[in-house]
Structures are given as structure tokens and as C-alpha cells.
Amino acid sequence: MIILAFESSCDETSASVVLANEGSFTVKSNIIASQIETHRLYGGVVPEIASRAHTEAISRITYEALAVAGISLSDVELIAVTANPGLIGALLVGVTFAKALASANNIPLVAVDHIKGHIASCYLDESGERPTPPFIGFAASGGHTAIYKVDGYTDLCLIGTTRDDAIGESFDKIGRIIGIPYPAGRGFDELSREGFIKATGDEVNFYEKYKKSAAYKDKEMTLPSPALSDDSLDFSFSGLKTAAINLLHRFEQSGREIDRALFAARYTYEAVEAVAKKLSLALDRYPGHDLCIAGGVAANSHLRKRLAAVAKAHGVKLFIPSLSLCGDNGAMIAAAGYYEYKNGNRADSSLNASAQDSITSI
Ligand code: KG4
Ligand code: ZN
């Protein structure tokens, strides 16, 4: 089945053509028009500017996606589109475009939840290595830090989440304060690596050695864990963020320059350890479930390494999409859309976008 999929929930417009064959996928094209440069000027996504940029890009990238895949619109057998959650004006661009295209060309349409799309990016691995439900899914992005029990391809249940800020949002906000351009995740990752190496003197096993280093024991650099101390699978990243801002202020007020790399390493360590702790708890609770992580923050090198150790300790497999599929893209929407279609779900011209999450907890 040839699927044309659209993603426009935040600051990336994407159109992708994916070939689905009995649950194995071939990405024929995955065109992403990023607005990052535009939003960088403001230090974050400006919703109105995002909607306008999506409107300007969507038609062009659709032609491009079809051309790169070497097909025409008449070959398309299914259109999938992200309908929620996200910025409402941004989502509406993709939804309206997809509805018009589907109805004018008589092509079936399915609506996709953005987070189900991120989890579905784990099904796109070209090696054929992919998770099979049931498994534990972790979505880590600019808007989500959520743990799901994935019982079926379209059957996800929220079992843990952040009570306030998302992990990616916290990297972006703290990164901005220490001078990393938006979106700060990748720069934060690199600066932290520098900090870990500085703290341990080891260029390879720096993360494992970090806790024993003098830098970790430095009381002035202490930060709280964003893992809630109860037995829930929940996080609070705003506590970590506020403590980090206070720490930076203390240095500034006493006229001292903070070591940015050591600070970034400390921040990353607390964030990653919190995720490792709650995902370990989830794997204890659901024995035999493999682990799959997705979303922009799944690109984080320290998180990837640490969670590989968590999965190994639990005797389960870890699935992470390739770096190019961690961020927002249309191919993941195509994979999730395929399963919505198989499940009998269809959308029509009454489809509307929604800013809200649709995956509920137990
Ligand atoms: O999934 P995504 O592309 O968009 C949303 O759905 O939010 O995620 C974007 C987030 C941003 O906060 C960005 O800073 C973060 O992913 N990110 C990273 C890394 N690369 C991107 N965070 C940590 N480490 C990275 N290497
Ligand atoms: Zn996303």
C-alpha cells in the first residue's frame, strides 16, 4: 500500500511517501521543511509564524515527496495526517491540506496522533528490527515526556508522564540561558559530553565514571532529580529547571563564571538518570516487555547509551529510531496511519485538528 503522510504539528512541515507491505515499511521519501532558522530569532516557536510557514511549504514539499518517491498522486492509496496534539494553527494546515487532497482525489484518509506517530518511527528501521506489541514506549520531545504501555499498534495507554515541563522543553529553556541557540537539545548534548569528559578525564566511559568524579560531588552544582520520589512513573522537570536557574543566578550574583560544560553535564545527568529510573520501574512492572524510545530527545547520545544499559539489565531489547527519524517527520505518520487504516479507522471532511492528547491513562 502506498501511503502519503503529512506532519505539521510544530515547527517542521513534512510530507512522506511510504510503502507498507504486511507491516514492513519502505520509506520512499521523507521531505522535511524545517522552520528552525525562522524561530531561532525568537528563542522558541512562534505559533502564528509556524502556521504561515507550514502554509507556504506544504504544497511544494508534497510535489517533492511524490517526485522523490517516483510516483504520482493517482498511485497514492492512503493519506495520513497528524491531527493532534500540537499547535492548533499549525495542525490545521496539514489537516486541511490532507482533507482537500483526499476528497478531490477520492483517496481514503486517516487521522494520526502525533505521539503514536513518534512511537511508530520504531517500526521504520530498515534492518527489519522492530518492536512487537506489547512493549513499553517512551516519547521524549519538546512537548512530551511520557511512558506508554503499547498493547497493540493503535492501542496505547499512558502509564507515566511529566506533571509540568517536558524534557526537551527544559533542555531548550536552560540551553537558551547558557547561550545555546534554539533548539538547544543537540548543543546541550555536545556540551554535556565535553563536561563529562572534563569531569572524568575519560573520553569513552565518561558517563559511567561521572558519579564518582569531584565535579559530581561539588555541592555548589547540586541539582534535584526530576523523577518523582513516589512509586509513580511520573516526572517534574520544572523543579529541575527552577533549581538550575537559581544555581546560575547564584554564580552570577557572586560574580563568578560558571563552567558551562560541567553545568550542562550535571543537568543532563539528572535528566537522564530520572528517565532511566522511571523506565526501569516500568520494565519491572511489565516483565518481558521490550523498550522503545522515540521523539526528538531520543537523539540524545547520553540517553541512548544509558537506556541501552537499562534494557540490558532487564534482559529486553531497546529500539530507537535512526537519528533522522527521531525528530518530527511524515514517515512516522505514515507508519502509524497504516495501522489506523488496518484497524478500520477512517477520517472524512469533518476531521478537525486538536491541540489535546488523545492517549489516555489506565
Ligand atoms: O519530537 P520533536 O522533533 O518535536 C516535538 O514533537 O516537540 O522534539 C524536539 C525536541 C527539542 O526540544 C530539541 O531540543 C530536542 O527534541 N532534541 C534533543 C536532541 N536533539 C533534539 N534533546 C536532547 N538531545 C538531543 N541530541
Ligand atoms: Zn514530535
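Order of listing sets the numbers, starting from 1, for every ligand and every atom in it. All residue numbers refer to positions in the sequence shown, counting from 1.
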Heavy-atom pair with the smallest gap, counting every atom of E270 and P226: O-CD, 3.5 Å
Within-cut-off N or O pair, G296 and ligand 1, under 3.5 Å: yes
Does at least one non-hydrogen atom of C10 fall below 4.0 angstrom from an atom of ligand 1? no
Nearest-contact summary for atom 15 (C) of ligand 1 - protein heavy atom, Å: V297 CG2, 3.9 Å
Could you tell me, atom by atom, which parts of ligand 1 come under 4.0 Å of a heavy atom of S141? 1 (O), 5 (C), 6 (O), 7 (O), 8 (O)
Counting only pairs under 3.5 Å, give me each side-chain donor-acceptor contact of residues 55-71, with atom names and distances, residues two or more places apart or in other chains.
from: T55; atom 1: OG1; to: S51; atom 2: O; distance (Å): 2.8
from: T62; atom 1: OG1; to: I58; atom 2: O; distance (Å): 2.6

Of all the non-hydrogen atoms in the protein, which one sits nearest to atom 10 (C) of ligand 1, and at what distance? G142 N, 3.6 Å
Nitrogen or oxygen of P183 less than 3.5 angstrom from that of ligand 1: no
Checked the Zn ion (ligand 2): protein N, O or S atoms closer than 2.8 Å come out as H114 NE2, H118 NE2, D328 OD1
Can a salt bridge be assigned to the pair K241 and D165 using a cut-off of 4.0 Å between side-chain N and carboxylate O? yes
Can you check whether H114 has an N/O within less than 3.5 Å of an N/O in ligand 1? yes
With heavy atoms under 4.0 Å as the rule, classify the contact between H144 and ligand 1 as side chain, backbone, both or neither. neither
Check side chain to side chain donor-acceptor pair (under 3.5 Å) between D284 and all other residues, then give those that pass, not counting sequence neighbours. H314
Could you identify the single nearest non-hydrogen protein atom to atom 22 (N) of ligand 1 and state the distance to 0.1 Å? G185 CA, 3.4 Å
Do NZ/NE/NH1/NH2 and the carboxylate oxygens of R266 and E220 come within less than 4.0 Å? no
Within 45° of the axis and under 6.0 Å from the centre of the six-membered ring of Y210, does NZ or CZ of K305 qualify? no
Which residue from T268, D189, N329 reaches closest to atom 26 (N) of ligand 1 through any of its heavy atoms? D189
Decide, yes or no, whether a salt bridge links K278 with D234 under the criterion of side-chain N to carboxylate O below 4.0 Å. no
Any idea which of V272, D328, T82 brings a heavy atom closest to atom 3 (O) of ligand 1? D328
Is there at least one pair of N or O atoms, one from G327 and one from ligand 1, spaced under 3.5 Å apart? no
Per-atom contacts, ligand 1 versus G143 - under 4.0 Å to a heavy atom: 7 (O)
Would you mind finding which of L323, I32, D172, I180 brings a heavy atom closest to atom 14 (O) of ligand 1? D172
Could you tell me whether E169 and K173 have a side-chain N and a carboxylate O separated by less than 4.0 Å? yes
By ring pair (Phe, Tyr, Trp, His ring centres under 6.0 Å) - contacts of H114 (at least two apart): H118
Per-atom contacts, ligand 1 versus G168 - under 4.0 Å to a heavy atom: 12 (O)
Establish, for the pair R306 and Y207, whether the NZ or CZ atom is under 6.0 angstrom from the six-membered ring centre and no further than 45 degrees off its axis. no
Sidechain N-carboxylate O distance under 4.0 Å for K116, E340: yes
Heavy-atom neighbours of K277 NZ exceed 12 at 6.0 Å: yes
Does any N/O atom on A140 come nearer than 3.5 Å to any N/O atom on ligand 1? no
Could you tell me if the side chain of F235 sits less than 4.5 Å from the side chain of I167, heavy atoms only? no
Using 4.0 Å as the upper bound for N to carboxylate O, is an ion pair formed by E37 and R40? yes
Check: Y338 ring centroid to F25 ring centroid under 6.0 Å: yes
Heavy-atom contacts under 4.0 Å between N300 and ligand 1: side chain, backbone, both, or neither? both
Mind checking whether S301 has an N or O less than 3.5 Å away from an N or O of ligand 1? no
Number the atoms of ligand 1 from 1 as they appear, then name those within less than 4.0 Å of a heavy atom of H118, with their elements. 1 (O), 6 (O)
